[in-house]
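I have placed the structure first, in the form of structure tokens, so that the comments after it can refer back to it.
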Amino acid sequence: MTVIQETKDVFTPQNVKAAALQLAEHLSQDPWARKDAAQIHNCALRTRDTSQQGCHHPHCPICQHQKAYNHGNQIDCMFREEPWQGDSRWVVVTFSVRQCQVTELSECLEAMKVAFRRMTRRRFWKRRVQGALRVLRVDQGFSDANIAHPRFECVLLLRPDVSKDPAGFREDLWNNLWRDCFREDFIAEVHPDNVEPIEQEVRTQVKHATIRALRPRTPPTSPGWLLNAMPQMDSFRWMENFGVLRRLTTGAYAPNAM
Ligand SMILES: [Zn+2]
């Protein structure tokens, strides 16, 4: 299947622009991050025309917003080309650890990555999942700036036989599986956001779930937290696709280009 690349620019809302400017301001406080600050600042100020590309900085809210909509459009194209996908059942699930110290973020992300890979190799997963879109999100602790909340927000395409079974997605079983895939002392959690079969307008709903998982958080986090967390996140893929959804990572929107 060829995925049609839709590179049409989307309108950037004011709050996303404001978040980008605020982020640039935060980053400019650290001499080592001034280059990043300038890049994101320029991205927020430029006027879009077809000849201009975004800055592609992994933390740029403007580019994250654009990427979210581009990926949503790719999902839309996939439905247009393979209408059978519409008969399958999709769920939106968050795989997380309870919390971690921001200073230990990279260690925690590594453990999550290994646990997720282990999970996709389990028979339980293979028998139920056809494809997955996985997005890494890391937020600052609500009341404590030393805490990070890393998680994988996933859109799962279940196998048709699982789709027919009303108990096809059981939160307790998935929770056990996710916990079991960590071989260390992590408190792992699974939160299905939407376990109802998406029957009506599946195309629109999955498109919106994808956009929701990818779009930037506003307002941004505190400067200290960000400067501590940012370098630790740089070597991790923000987005990864598995199974039949692997084909979505093509061209300009492959993980390395984001
Ligand atoms: Zn940008």
Side-chain angles (χ1 to χ4, degrees), residues 3-77 102 105-106 109 133-140 148-153 155 207-241 248-258:
V3 174
I4 304 159
Q5 291 289 327
E6 294 198 17
T7 52
K8 194 171 57 161
D9 270 331
V10 294
F11 172 74
T12 308
Q14 277 307 322
N15 66 331
V16 175
K17 238 177 226 179
L21 290 171
Q22 202 184 338
L23 179 64
E25 170 72 31
H26 285 173
L27 291 177
S28 66
Q29 292 170 23
D30 182 336
W32 295 101
R34 293 228 168 102
K35 215 174 124 194
D36 305 68
Q39 200 178 338
I40 294 170
H41 184 83
N42 291 340
C43 197
L45 291 188
R46 83 206 156 84
T47 48
R48 282 192 184 278
D49 66 51
T50 46
S51 64
Q52 283 183 312
Q53 289 282 313
C55 70
H56 296 302
H57 191 286
H59 297 277
C60 172
I62 308 263
C63 293
Q64 283 175 354
H65 181 81
Q66 175 77 44
K67 187 179 69 190
Y69 280 84
N70 285 334
H71 238 84
N73 284 335
Q74 284 200 14
I75 290 271
D76 210 41
C77 291
V102 67
L105 180 61
S106 61
L109 293 178
L133 171 73
R134 188 191 80 187
V135 182
L136 169 68
R137 306 296 316 214
V138 184
D139 277 346
Q140 182 186 320
H149 290 292
R151 62 206 180 279
F152 290 134
E153 293 188 358
V155 180
K207 179 181 171 177
H208 286 158
T210 309
I211 291 173
R212 204 171 59 226
L214 280 165
R215 73 185 169 195
R217 291 284 188 274
T218 54
T221 49
S222 76
W225 187 93
L226 185 78
L227 291 170
N228 203 332
M230 199 177 75
Q232 299 186 69
M233 291 187 254
D234 281 349
S235 59
F236 287 89
R237 283 185 167 192
W238 288 85
M239 185 158 68
E240 205 158 349
N241 295 351
L248 288 175
T249 45
T250 53
Y253 302 106
N256 292 340
M258 291 190 299

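For this chain, numbers begin at 1 and follow the sequence in order. Numbering of ligands and ligand atoms starts at 1, following listing order. Quick note: numbers below take in every heavy atom, side chains included, and nothing from hydrogens, waters or symmetry partners.
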*May I ask you to check if any N/O/S atom from His57 comes under 2.8 Å of the Zn ion (ligand 1)?*
no
_Angle subtended at the Zn ion (ligand 1) by Cys63 SG and Cys60 SG, rounded to 10 degrees_ = 110°
*Of the backbone and side-chain N, O or S atoms of Cys43, does one lie nearer to the Zn ion (ligand 1) than 2.8 Å?*
yes
*Could you tell me whether a side-chain N or O of Arg151 sits under 3.5 Å from a main-chain N or O of His149, the two making a donor and an acceptor?*
yes
*Near His41 NE2, under 6.0 Å, is it more than 12 heavy atoms from other residues, nucleotides or ligands?*
no
*asked:* For the backbone of Cys60 and the side chain of Gln39, can you confirm whether one donor and one acceptor N or O come within less than 3.5 Å of each other?
replied: no
_Heavy-atom donor-acceptor pair, Arg134 side chain to Met239 backbone, under 3.5 Å_ = no
